[in-house]
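See structure below.
What you see below is based on every heavy atom in this structure, not just the backbone, and it leaves out hydrogens, waters and symmetry mates.
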Amino acid sequence: MARFSPRQFAVTIVVASLFDVVAARCSRQAADSSSTCEAGLLSQPPSLLQRRSELHQESSSLDADSETCCSAMGEWPHVKNGVHCSDCTALVFTAPFDGRCDAYCESFGHVCVGAAEDVNDDCAVKWSTRCDWKIRSTSDMLCKCALPASSCSAAAPQQAGASDSGQRIQVKERQILVDGKPIHLKGVAWNPIKKGGTHPSGLNFAEAVERDADLLAKAGVNAVRTYSPITDTKVLDVLWAHGIWVLNSVYNSGRAPSDSVVSKLLMVKHHPAILMWTIGNEWNYNGLYVGMGLWDAASKLQEVASVIKQFDQEHPVACVYGELQSLREVEAKMPSVDVWGVNAYRGISFGNLFDSYAATSSKPLFLGEYGADAFNTKIGREDQESQAVATKALTQEIADHSSVNGGVCLGGFVFELADEWWKDDSGSAWEHDKGGHAPGSGPYPDMTFNEEWWGLVDIDRNPRRALSALGEVAIPSAR
């Protein structure tokens with residue numbers, strides 16, 4: 001079907017206006033001067049006459065095709081700048097309908113069969129979402145509407161998916177459901193800091209997102225986990241356009257008050273890319289970066305989780321812990337946590353981790369960090385092959401235990417996408433240092449944490465073999 005673009009619409013208005021002027025003159029003249037009016041019309045440039053005819057045919061075709069599924073699109077209300085797209089879709093104002101396409105379509109006797117954010121006041125789709133999901137932080141949205149009695153309305157999505165509660169994202173036993181269907185997270189930790197930068201001052205999501213989202217999507221990654229909050233909806237737009245969920249970190253330091261999370265939530269909680277909020281990062285090791293004791297830190301994070309739930313009941317709260325020691329007792333003190341993330345580095349296999357977790361908690365689990373760095377202290381140089389072998393083996397092990405198919409784990413996050421050069425305290429943020437520490441257990445093959453070599457790509461985004469190895473592991477689907 002030909003699309004009636006904004007440019008075509010504008011040309012039509014100009015051409016029609018010229019003919020309307022001539023017609024108005026004709027109506028004011030006597031009947032015996034009609035031949036003069038006809039001559040005026042015929043004297044218009046042939047190209048203008050032809051273009052008007054072509055646009056009239058396109059407009060007629062659009063209405064004729066659309067009417068099989070929807071009413072004539074020229075009659076639709078609240079259309080922005082006259083932007084009608086193909087297939088019963090239009091760019092409409094969000095404000096009168098609270099950003100919901102279902103409310104818009106119902107306002108003139110239709111049902112919604114599709115909702116999306118546009119790229120630039122046009123018909124290009126930036127990302128799609130559910131009809132009953134609020135599209136925020138924009139003045140317009142793309143809504144696809146159909147007449148209830150038409151065959152097209154059969155495509156209308158059930159507004160609450162398979163959920164009795166109507167929530168888009170749900171925790172059910174060991175699974176996370178989106179629109180009633182379980183998902184598996186093939187994720188990567190994302191903390192983009194350039195050479196010379198440090199965390200968090202050197203963090204720049206906006207500068208890195210286009211390139212990094214493309215790298216992630218090509219490796220089949222469907223989620224990222226952050227260590228600082230993404231509050232820029234444009235960054236989320238890019239990730240969502242690449243099919244990437246975000247587990248957005250909103251609290252890591254015990255120095256911050258519990259209610260500091262509120263502003264972070266409110267800025268992005270309506271964006272469809274947000275899957276969960278995360279609090280803490282192996283805080284049982286670092287005491288929330290202020291040396292807090294285990295139980296004081298647990299109490300603090302329980303308070304934070306409770307605050308989050310006061311302001312957002314649509315997204316689960318995940319807490320990221322280090323390994324499993326004392327987790328059963330900690331969980332009893334933190335009832336507001338919905339999902340546990342566990343950081344674990346056990347060489348080239350997780351060993352008994354999944355069985356041990358199953359005996360510890362009934363809540364969903366994801367691996368908050370796992371993987372291997374690319375520097376091998378045994379040989380004193382970069383070892384991409386060993387990193388790739390470990391990345392593939394561990395990712396496959398997670399997939400084999402997926403909760404999508406009755407397992408205990410809903411996915412995991414490889415640490416990390418790109419090298420960070422600031423992490424060796426004895427070196428320079430402008431140099432790729434080789435310092436590391438060996439606590440006795442850790443990543444394959446040397447059991448040494450070489451902190452500036454964890455990237456699936458280097459700091460300049462040159463891919464290592466591990467990125468391809470990650471791409472070779474398929475996301476499990478329900479059997």
Could you give the side-chain donor-acceptor pairs of residues 388-399 under 3.5 Å, partners two or more places apart or in another chain?
from   : atom 1 : to     : atom 2 : distance (Å)
Thr391 : OG1    : Gln387 : O      : 2.8
Lys392 : NZ     : Glu472 : OE1    : 2.8
Thr395 : OG1    : Tyr370 : OH     : 2.7
Thr395 : OG1    : Thr391 : O      : 2.6
Gln396 : NE2    : Asp400 : OD1    : 2.9
Glu397 : OE1    : Ser349 : OG     : 3.4
Glu397 : OE1    : Phe350 : N      : 3.2
Glu397 : OE2    : Ser349 : OG     : 3.3
Glu397 : OE2    : Phe350 : N      : 3.3

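Scanning for side-chain hydrogen bond (donor to acceptor under 3.5 Å, both in side chains) contacts around Glu106 gives an empty result, with sequence neighbours left out. A search for side-chain hydrogen bond (donor to acceptor under 3.5 Å, both in side chains) contacts involving Tyr444 returns nothing, not counting sequence neighbours. Scored by the ring pair (Phe, Tyr, Trp, His ring centres under 6.0 Å) test, Phe415 finds Trp454 as partners (sequence neighbours excluded). Legend: residues meeting side-chain hydrogen bond (donor to acceptor under 3.5 Å, both in side chains) with Thr198, ordered by chain and number and at least two apart, are Ser201. Not counting sequence neighbours, His242 has no partner by the ring pair (Phe, Tyr, Trp, His ring centres under 6.0 Å) test. Residues satisfying the side chain to side chain contact (heavy atoms under 4.5 Å, CB included) criterion with Ala297, sequence neighbours excluded, are Trp283, Leu288, Met292.
For residues 184-197, every residue pair satisfying the salt bridge (Lys or Arg N to Asp or Glu O under 4.0 Å) rule, not counting sequence neighbours, is listed here: Lys194-Glu207, Lys195-Asp460. The stretch residues 296-319 participates, sequence neighbours left out, in these ring-ring contact (aromatic ring centres under 6.0 Å, His included) pairs: Trp277-His315. The salt bridge (Lys or Arg N to Asp or Glu O under 4.0 Å) pairs that include a residue from residues 279-290 number zero, where partners must be two or more places apart or lie in different chains. For residues 259-271, the pairs satisfying side chain to side chain donor-acceptor pair (under 3.5 Å) are Asp237-His271, with sequence neighbours left out. Within the structure, salt bridge (Lys or Arg N to Asp or Glu O under 4.0 Å) pairs that include any residue of residues 315-335 comprise Glu323-Arg346 (at least two apart or interchain).
Interatomic distance, Ile135 CD1 to Arg130 CZ, rounded to the nearest 0.5 Å: 12.5 Å.
Closest heavy-atom contact between Met267 and Thr233: O-CG2, 4.0 Å. A pairwise comparison of heavy atoms in Pro443 and Tyr345 identifies N-CB, 4.3 Å as the closest pair. When all heavy atoms are compared, the tightest approach of Tyr357 to Lys363 is OH-O, 2.9 Å.
Between Arg464 and Asp373 there is no salt bridge, since none of the side-chain N atoms of the basic residue sits less than 4.0 Å from a carboxylate O of the acidic one. At a threshold of 4.0 Å, the pair Lys181-Asp179 does not count as salt-bridged, since none of the basic side-chain nitrogens sits closer than that to a carboxylate oxygen.
Cys88 has its SG atom at least 2.5 Å from the SG atom of Cys69. Here the two cysteines Cys101 and Cys143 have their SG atoms closer than 2.5 angstrom.
Among Val125, Leu142, Thr138, the one residue that satisfies the side chain to side chain contact (heavy atoms under 4.5 Å, CB included) test with Glu117 is Thr138.
When ring centroids are compared, Phe93 and Tyr104 stay outside the 6.0 Å threshold.
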